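Here's the structure we're looking at; comments come further down.
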Amino acid sequence: MENNTRNQDIKLGAFTLIGILLFLIALFYLGREGNLFNKTFTVSAVFKNVEGLKEGDNVWLSGVKIGTVKKVQIVAEGQVIVNLSLKDKQNQFIKKNANAYVGSDGLVGNKIVVIRPGNVRAIIQENDTINAVSPTDTQELFNIAKEVGTNTRSITDDLKLISARLNKGEGIVGELLRDGPISKDLRQTIASLKLATENTARVTEDAHTLLTKINKGNGLIPKLMTDTAYVKTVEQTLDNVSKLSMNTRKMSDDLQAMVAKMNSSENAVGLLLTDSAFAHQLKSTLTHAKSASIKLDDNMEALQHNFLLRGFFRKKKKEEAKKAKGK
Amino acid sequence: MNNLAPSSEVLAGAPTKVVEIIDLEKRFGDRVILNRVSLDLYEKENLVVLGRSGSGKSVLIKCMVGLLKADGGSINVLGYQVPLLSVHELNELRLQVGFSFQGSALYDSMTIRQNLEFPLKRNLRIFDQEVLNEKVMQALKDVGLENTVDMNPDELSGGMKKRIGIARTLILKPKIMLYDEPTSGLDPVTASEINELILQVRDTYHTASIIITHDISCARQVSDRMVALIRGESKLQGTFDELRGRNDEDLKHFFNY
Amino acid sequence: MTIPKTLIGIADVYKFIVRFFRSALVPPYEWREIGNQCYAQGNQSLFLITFTSFLAGVVFTKQSQPSLASFGAESWLPSLVSQAVVRSLGPLITGLICAGKLGSNMGAELGSMQVTEQIDAMEVSGTRPFSYLVVTRIVSATLMLPILVIYADCVALLGSFVMVNAFNDSSFLLFFNEVAERITYLDVFGSLIKSAFFGLAIGTISTYAGYHSDKGTTGVGKAANTAVVISMISVFIIDLLTLQVLNFFR
């Protein structure tokens, strides 16, 4: 009797335990959004860099969650294979030439895999590999677009103001310098631009004086007359300077064209944001201007430090000092 | 409900058998506690079950009220086959069997009054306060402790607790009383008073009683008949003097205290 | 602890639970004693819950404020706190406090009654101790926990308001509106049902531990200890499981 109840109790205990376990398993499988009852299919993609994508992250197609990341594994240097477990019913929307990239959703920036469905007729099959767009490329693109977008917006506002004044016929450079709220980037560029122009003018003048003096023959350095190599250097320098002046003018023209374009369009901001070609142009213009002015400054510096011309500049400085004293 | 029929053992003239235990067996795991124990109890009789601690005396009476489940044999109490009873029938039986616990087992979260009212309210479903008061006072008077009615159990001495415990079982007017070590932990004088009470209960309530004890003076004082329980087996039935006269090896140390 | 012994233990618990439901659902019902137990249990844990949930509200708000402020989302503080409190913090604090307070109480009380044969005494006088001692305690814990959770939620939110008010002087009405806007019925009912399960688990575990305690004084200590420890663990497990279930509805 005792043994009998004991055996019964053991059986009852075992059944209870199994029941509890089954209940828990069922609960957790159901918790995974019904994956237990929905068939899934698996596709994979090979990325260069997954930027912290991990197992269990979501897979989106056209902004709809269609599955999860099943496995992330490095297979070779710079090659990460990502297995995606997708809901079975969704595969008809994904074509053979679909591609995937790693993006992020929301404020906190959880990583997700975004599938672009592709456009050929053949639909994707189980265990296919889809093309991966490396997230570094896309993410950088996004970042650049964003940056350009924000920069452009602030610049545009400023430029609008400027263009309004321009229409009134005021001088562009003076206006730009006088006006406060111009975006830093642009202002710096313009400032450098002005400096460059001034410098260019001065150097040209200086060089001209020098040459005249030499040609007149009352120069302090007779040696110069005979040394053709030196003359060549000076000529080259002057050449550079004139080239830079040209650049500078071109930049001004570009800016002017830009402003004109903005004035002609009703919604300048929208245009700038959507027309990436224009945005690109704007960016390249700014870069151009910047690099040009930097180059110019470098040249000026080089010119001033040229040991042959050093004396000339020093003398000029003294003369100026004297003049100042005389006054 | 055929169990409700009175025992078929009734014979004209002979005393009525109220308890009949045949070949009772009880094991805890592999340990045999009761090995084929048989005993009878007749009306208005005090039966002392004598045995050493751990000889399974308490287990025997706990099996009789269904607190423990027997592993074999039959227990017939007032016509009820105890191991086969439903919960409902068991409750009916327990109304007629009083059980006095070794530690008296008063409900220490209640006053004495509440202790005594508890079985009345919950078993007999009496809620009339006058009837309750009357019954409580009567039971307390029977054990001589009317003045303790509004005290808490922890204010009472061991002997008083024993009496209250007995009063709490008497309040249900049982036909059979089971005493588990009624004198354990008491000084000889108090123990003797308890023994007197046991005899008095038999006379006023006309109960048949089984008294479990290892105390030979208690056995001598209250017993009409005795059974010795030795190593899980019942042997040597008879009166106190008969048992003493047997000079049995196992009983020697009881009598030569 | 061998495997058969463990299985027998599980079977015991299973039988205990079945017996509880049978006794609880079949008359006679123990309304009066359930009422007594409800009062006793609420009374026992009220002060502790007031204290802990108020502090939890204060601390949670104070700690969330800097990180929200760094997003510039300080105005979300009431709604964040309200969600945290109603969904998780309130039920969890109440569950743990009750597991400690009520669990040890039930375990020790029933344990000592078992050890001193009081339960046996009730049993032999036919007074159905299981219904009287076990069912009433489990039922009242199941009823009281949700009520205590509502109370704890209110106190925690009050603590949170005090803290929000310390950061920037906002009116109670604004705070209340922010809180009310964020809390859904699902949140509230979810947490109430969850806490009812906490109560059921705490009651069942603690009364089981007490009712089946070993003989002797160590048995009482062990029963109280088991009651508290297993109750606390079960609170966390139930928290997790109800989260799983609630996710179906979200």
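The figures that follow rest on heavy atoms only: side chains count, while hydrogens, waters and symmetry mates do not. Note that the structure is a prediction, hence the values are computed from the model and not measured. In what follows, every chain begins at residue 1, and chains take the letters A, B, ... in the order their sequences are listed.
- The 12-atom threshold is not exceeded at NZ of A:K11, counting heavy atoms of other residues, nucleotides or ligands nearer than 6.0 Å.
- Heavy-atom pairs under 4.5 Å with chain A were tallied for C:L240, C:V13, C:V245, C:I8; the largest tally goes to C:I8.
- Enclosure of atom NZ in C:K62 is not indicated, since only 12 or fewer non-hydrogen atoms of other residues, nucleotides or ligands lie within 6.0 angstrom.
- A:L22 CG: more than 12 foreign heavy atoms inside a 6.0 Å radius.
- Within a 6.0 Å radius of CZ in C:F197, other residues, nucleotides and ligands contribute 12 heavy atoms or fewer.
- Atoms CG and CG, from A:N7 and C:L7 in turn, are 11.5 Å apart once rounded to the nearest 0.5 Å.
- Here the CD1-OG1 distance, from C:I10 to A:T16, works out to 7.0 Å after rounding to the nearest 0.5 Å.
- Within 6.0 Å of atom OH in C:Y14, 12 or fewer heavy atoms from other residues, nucleotides or ligands are found, so the atom counts as exposed in its surroundings.
- When every heavy atom of C:P4 is checked against every heavy atom of A:I10, the shortest pair comes out as CB-CD1, 3.6 Å.
- A:I20 does not touch chain C: none of its heavy atoms, backbone or side chain, sits under 4.5 Å away.
- Of all non-hydrogen atoms in C:A11 and A:G13, the two that sit nearest each other are CB-N, 3.6 Å.
- Within the 4.5 Å cutoff, side-chain heavy atoms of A:L24 are placed close to those of C:L241.
- Within 6.0 Å of CD on C:E181 lie no more than 12 heavy atoms contributed by other residues, nucleotides or ligands.
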